[in-house]
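The next block holds one structure in the form of structure tokens; read it before the comments.
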Protein chains: 2
Amino acid sequence: MSAAEPASLFSALGDSTRLGLVRRLSDGRERSIVQLGDGLPMSRQAVAKHLDVLHGAGLVHRRRSGREVHYALRRDAIEAARHWLGEVSAQWDGTLARLKAMVEEGNRQGPLP
Amino acid sequence: MSAAEPASLFSALGDSTRLGLVRRLSDGRERSIVQLGDGLPMSRQAVAKHLDVLHGAGLVHRRRSGREVHYALRRDAIEAARHWLGEVSAQWDGTLARLKAMVEEGNRQGPLP
DNA sequence: GATATAAGCAACCAGGAGGTTGCTTATATG
DNA sequence: CATATAAGCAACCTCCTGGTTGCTTATATC
């Protein structure tokens, strides 16, 4: 699945188990379900469901290899989420810069009503 | 509430209504509940609940002023979420750089087993 | 060919999320 | 003082989520 809506992206990241999976995949290497679930206090099916959610949000890529299925992180999705947050920060900066300019302009001309 | 766990942060952002509220607040100005809910196809209480979630995750700051309650975006929380994603990207880059170095090293010394 | 291993499918369950409505309380304003 | 407005509280409902278990299917391996 391709990069989805920002809300689905964040929603998929909004679970500590899935965040752990993402971190585990953050080296760019691909891993099977059992590898990813190793050490986690839940069943293989639960892990598979979490990976389904990540895949549904476009955060991971899925590749079948023999009897195994390998998952790899999709960097573009991570960047998409990061970009959304960047836009928020940018608008903040932009507005504050404009406000500051306005205030300075106002001070030069005298106090505002 | 102060900046919380990354999972709570992303979870709070994982809803299109709340993303809309965050975007609406991204100019840094504070707004009341009614102002924030204006135009949204839901009751005031629903909006208040969403703002509660954002506040619980540390994404907004709450200030009482007379009979109104004003909400403002907390930039540090946005940056915290952005930073987490940045770490993932960075590890990706780091591993790839190391891998590339290893491959080049390997090529100089001959093919790996 | 027999057996072990990886994954898929389906049913089920408890609890939380997102929404509603009705009523109350507190602050502004005519 | 009377009334309008902003917000809080609580109960309720439905649907989704995160987890389970049991069984099946497909691929490796001895």
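The figures that follow rest on heavy atoms only: side chains count, while hydrogens, waters and symmetry mates do not. Within every chain, numbering begins at 1; the chains are lettered A, B, ... in the order of the sequence lines, protein sequences first and strands thereafter.
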Minimum-distance pair of heavy atoms, taken over all atoms of A81(B) and F10(B): O-CZ, 3.7 Å
Non-hydrogen atoms of A48(B) and I33(B) that approach each other most closely: CB-CD1, 4.2 Å
Nucleotides bounding contact with chain B, strand DNA chain D, heavy-atom threshold 4.0 Å: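 From 5' to 3', the first and last contacting nucleotides are dA4(D) to dC9(D).
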Of all pairs that satisfy side-chain hydrogen bond (donor to acceptor under 3.5 Å, both in side chains), the ones with a partner from residues 36-50 of chain B, not counting sequence neighbours: R18(B)-H50(B)
Indicate yes or no for a side-chain donor-acceptor contact from [X] to the backbone of [Y] under 3.5 Å, with no hydrogens or angles considered.
X: R24(A); Y: R31(A); value: no
X: S26(B); Y: R23(B); value: yes
X: S89(B); Y: G86(B); value: no

N/O donor-acceptor pairs under 3.5 Å from side chains in residues 56-69 of chain A, not counting sequence neighbours:
from   : atom 1 : to     : atom 2 : distance (Å)
R62(A) : NE     : Y71(A) : OH     : 3.1
R62(A) : NH1    : H55(A) : ND1    : 3.1
R62(A) : NH2    : D52(A) : OD1    : 2.6
R62(A) : NH2    : Y71(A) : OH     : 3.0
R63(A) : NE     : E30(A) : OE1    : 3.3
R63(A) : NE     : E30(A) : OE2    : 3.2
R63(A) : NH2    : E30(A) : OE2    : 2.3
R64(A) : NE     : G66(A) : O      : 3.4
E68(A) : OE1    : H70(A) : NE2    : 3.2

Any side-chain heavy-atom pair of D15(B) and V53(B) under 4.5 Å: no
Overall bend - the helix from dG1(C)-dC30(D) to dG30(C)-dC1(D), comparing terminal axes fitted on five pairs, nearest 10 degrees: 20°
Between the protein and nucleotides 15-20 of chain C, list the N/O to N/O atom pairs that are separated by less than 3.5 angstrom.
from    : atom 1 : to     : atom 2 : distance (Å)
dG18(C) : OP1    : D15(B) : OD2    : 3.4
dG18(C) : OP1    : R18(B) : NH1    : 3.4
dG18(C) : OP1    : R18(B) : NH2    : 3.1
dG18(C) : OP2    : R18(B) : NH1    : 3.1
dG19(C) : OP2    : H50(B) : NE2    : 2.1
dG19(C) : N7     : K49(B) : NZ     : 2.9
dG19(C) : O6     : K49(B) : NZ     : 2.4
dT20(C) : OP2    : S43(B) : N      : 2.9
dT20(C) : OP2    : S43(B) : OG     : 2.8

Straight-line distance of L73(B) CG to Q91(A) CD, nearest 0.5 Å: 10.0 Å
For A7(A), all residues meeting side chain to side chain contact (heavy atoms under 4.5 Å, CB included), sequence neighbours excluded: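 By the side chain to side chain contact (heavy atoms under 4.5 Å, CB included) rule, A7(A) matches S16(B), L19(B).
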